[in-house]
Every structure is written in C-alpha cells, then in structure tokens.
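Single-structure report; data block below.
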Amino acid sequence: MSSPRLRFAPSPTGYLHVGGARTALFNWLYARRHGGQFLLRVEDTDRARSTDESTRAIFEGLQWLGLDWDEPVVYQGANLARHRADAERMVASGHAYRCFCSAFELDARRKQAEVSEGAFKYDRRCDQLDRAEVARRVAAGEPSVVRFRVPEVQSTGWNDLVHGEISFPNKDIEDFVVLRSDGTPIYNMAVTSDDIAMRITLVMRGDDHISNTPKQIMLYRALGEELPQFAHLPMIHGTDGKKLSKRHGATAVADWQHEGILPQAMVNFLALLGWSPGGEFDEVMTMDELVAKFDADGLLKKASVFDTKKLEWMNGQHLARTSVEQLEPLVTTQLLREGTVTREVLQARGMQYRAALGALRGRSRTITDLASQVPVFLKYRIDPAAAAKVWPDAAGALAIIDLARDAMQAAPAWEPDAIEQALRRMAEQRGLGVGKVLGPVRMALTGSASSPGISIVLGVLGRDEALARLEAAHAYVAGSSA
RNA sequence: GGCGGUAUCGUCUAGAGGCCUAGGACACAGCCCUCUCAAGGCUGCGACACGGGUUCGAAUCCCGUUACCGCUACCA
C-alpha cells in the first residue's frame, strides 16, 4: 500500500453539497497525506437526472475548495461497455444468471410478501432454468436482467477504517440485479467495475453506502479482483438532527461562497466535522496543516451537525490571517456585485482601499461583512439617523468638529497616533469625556457611529481626505441647523 | 418488519480502565479592555442515553433496552 489511490464519485444531479464536499475533502486529504492519487469520477449513469450544469458546478466547487484531482475525470457513462462485459463475464463464470422476471411481476410479489411475511427476497426461480431454455428465451428476444448469485453460506465482511469489523449474513442479501434489461449496469456493478479499472485502493465514502459494501465485495471476488480498503464516513446533519437538505438553508458549497466564506475556512470547518487530530490542538488550521495531520485513525463514527455559527467564527479567524493582497480581489468582487462602490473609485483610491482592508479584516466574520464596512472609507455619506444621535446639538458638534480640524491642521506631521493624543488632550482640557469628543469626530470622519479606532481611521483616510470630511461635516451640521 | 450503523455539554469534539471533581472550541450570559462597533482576555452555564454485568476501579470492556440514521429498487 505504498501509493494509495482514492476517488470522489459524485452523481451530477445537483450542486456540490457540503456533505459531498466533506467526502471529497477527506479523500483528497488522505491522498495528499500519503502521497497517493485523488481521482474524480462523475457517476452520470442516471441519464434522467444528470446534467452538464451540475457537473460543472461540482468541478467549480472542488476547484474553489482547492481540491485538485490527479488524472483526467472519469465519466461513468463512458464505461458502459466494460460494465456490461464484467456482468457477462460473471454469467459465463457462473457467478450470475439471467432472470426473466419482469419488474412489474416482482413488484406484485413484493407487495404480497409485505402483507403476509414481511421481508421479500428474490426466490431465485430463474436460477433453476436450464441453459437451453435460457438460450432459447434470450434468442427469442425476451427481456432479461442479470442477477448476481449471492453465495449461500457464510457472511461477507470487511475491516472498515472507520467502523472496524462489519459483516452481513449472506442470507439477508438477495440475488441483486447487476444489469438491467436494457443492458445498462446497476449502481453496484458500475461502481465496482470502475473502482477496479481505476485501481482504487481505498474507497472512502458516506456511511449510507455501508449496506452496498457487501454486495460490492462479492462482485470483486466474483471478478477475481483484490479488495480495496473501505472507510465509511458519517453523515452531516442539519441543526434538527436530520439529514442536511434545502430546508436547512445554504447547503451547497457555492451558497457559502456567496455568503462570503473563504474556501480555506470552509475546508478547515469541514475537516473538523467527522475528523479530529486528537488531543489538544488549535482548531484553526491551514490546508498544509490539515494535510500534515490528517489520518484515518482520527476519523469519527458519529454523524455531525452543520453549525453555521461556528463556520462563521472559523471564517473570521481565517479572514484575520489572510493578507490584504489575497483579500482585495474577493472584496472587490463583492463590492461590485453589491454596486456600493464603482470600479473607478476602487482604482482611484487603491491605497486607501487596501489600507481599509488591513484595518477591517480582523473585525469581520465574512467577506460580505467586511465589504459592508469598506464604503465608509471610499466615499463620504453621513448617516442621518446616526448623526442625529451623535450630534444632538449643532453648536456643540460644530465646536468639536472645528477643534478637531484645527488640531489636525496644527499637527506638525500627519501622525494618526499623535493626532489622537492631541484630541484626547483637547477633551481633557475642556473637561469632556474622551467619548464626547471622539464620538462626534468619528461621526464627522466616517459618517457613521461605529468604525475602527480613530487613529486607524485617520491612517486609512490620510490628511487631505480627513480634513475634507471635517469640512463637509461642518457644512452638514451648519446646514441642517440653519 | 428485516439487516446494518451510531450514542460525552445546545453544537463540534478530547477521552483508548485509575491522570475525570470529564478537558477544549462554537454558541449563550456576565465581567475586563475600550472613543463606538467589532476583535481580544477572563469567568460562568452546560454532557458520559438508560439498565444490567466484568473489574479493587468503567465515559472507556461485554450484554440488553431505548432513540436516531442508513439500506432493504431493473435509483445513485
């Protein structure tokens, strides 16, 4: 097991779901951690539900998360001939047989069994047919499926990387269909055939596949192939403990991208859902740290709940650690999407824009949250409601605004810290609380009642802009009191 | 119904028989810091599903019960 090969095998019937993303991530992490390969297989055999749009969405989701795959994408639908050949090979070797029972007929028998005994299991009646009859009926064009003959005795089990020993009594497994009457393969057949062809050594997937596993193991054996290892990951649930669905709000990875979540935060958060490095550790980790720590023995068995509050906190942590250079394009996209700031303004005020990002990244939880705090620095607009509160009386407000302007103009150099100190001294001299001065000044500088610290704001705005805003604030107060 | 899986604070988890008076993180509450809002720091609240064993000793091992989840298709 020197170089493990793993795969993520989504069916393109929707967007990349956080559960699927987590499965992909764990496969990817395992492959990267052990110097193996991570492959992608699109299970598009369900023609009716599969769409190109969905396939694209899955690729984009994986790319956004930074989960790159090592070989060309395998499309399951392209391997139909091999699936069929593998099934026929099992018929030839006696591991499978043709069954002429119609779906309709089977359905009726199943319903009948439900009312009388309970469990329905295919009775193998077609396995009794002699070769000549089978040949005759096939030649006559009678539709038939291929069923796998489940070995009678013993049980089928494996040592799951997550759950340990799991086994199923063979008597509980019916002779399942591997090839439909139209010659297309059933899921378990296609998966097994493809995993063999792709030389997958570790099948890591959701634990909703546990009961498929014994069937696939039987297929590996019937085909004379070596078994891969299996690891069944727990599900991710919504806050109500039920399987995550649209009802729980944002469940697609792309939804979170639009909510302003950073891919590294999403990855970090997802990694900790169903896996733990064990012992005491810092939960905020980079992709490299995750790769270094990830391993199968840290995989958990219990389903976990997707806690959006923690995701947002995690995102805030990553935001604070992300460089302005990396942040800029993301915030720009958001700003332009909202239309709150134009591209021209962003370019013209690039210096201030980047300074603002540096000041804001440590105090925001999401990109959208951060972006909402940016415009204040790039264009001046006084919030009337806030102004009414912070500047209750015009005379007092004007006095402070003018004093602040004088202090700034008198300053020998544009040193935000020194200016803030000057403002504080001013407040002291006039017997005012610091807040009584800095509050109105903030209002004048930002047009808003809340912002980062005054010296930070001064630093971002720069001398000219700061003074211009004080003038504008003066005019505003004077105008509204007149 | 049958089969399989799971079970530690509201949530994510640490815990591999004594280190557990069960630790950390998110959330929540309070306090501190403070020019506002955040961020940050501190404190608090808060859990071994239940019942039997095994053992000198069990969150940890075994059995049962309960709850939840999955599968039980010519879906994937």
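Chain naming here is simple, since letters A, B, ... match the order of the sequence lines and numbering starts at 1 in each. Values below: all heavy atoms of this structure, side chains included; hydrogens, waters and symmetry mates excluded.
A/G439 comes within 4.0 angstrom of no nucleic acid atom, judged by non-hydrogen atoms across all strands. At the heavy-atom level, A/E283 lies under 4.0 Å from base atoms of the strands shown. Nucleic acid contact class of A/L273 (heavy atoms, under 4.0 Å, all strands): sugar-phosphate only. Residue contacts shown for A/T184 are absent, as no nucleic acid heavy atom lies under 4.0 Å away.
Taking the ring centroids of A/F269 and A/F306, they lie under the 6.0 Å cut-off. Ring centroid separation for the pair A/W275 and A/F294 comes in under the 6.0 Å cut-off.
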- Item | Residue pair A/K293, A/E289: steps toward the salt bridge (charged side-chain N to carboxylate O under 4.0 Å, His left out) verdict | CA-CA 6 Å; A/K293 294 192 174 197; A/E289 288 168 331; over 6 Å; no
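Judged by atom type and distance alone, A/K310 does not reach the base of B/rA27 through any side-chain donor-acceptor pair under 3.5 Å. Donor-acceptor pairing under 3.5 Å, judged by distance alone, is absent between the side chain of A/S304 and the base of B/rC12. Judged by distance alone, with hydrogens and angles left aside, A/N212 brings a side-chain donor or acceptor within reach of the base of B/rA76, the pair sitting under 3.5 Å.
Shown here, B/rC61 forms a base pair with B/rG53; the pair counts as Watson-Crick or G-U wobble because both key distances fall under 3.5 Å. Base pairing analysis places B/rC71 opposite B/rG2; the two distances defining the Watson-Crick or G-U wobble pair are each below 3.5 Å. Pairing for B/rA25 is with B/rU11, a Watson-Crick or G-U wobble pair whose two hydrogen-bonding atom distances lie under 3.5 Å.
Counting all heavy atoms, side chain and backbone alike, A/V150 lies closest to A/N170 at CG1-O, 3.8 Å.
The side chain of A/D46 approaches B/rA76 more closely than any other nucleotide in the set B/rG70, B/rU11, B/rA76. If you check B/rU34, B/rG70, B/rU36 against the side chain of A/R424, the one that comes closest is B/rU34.
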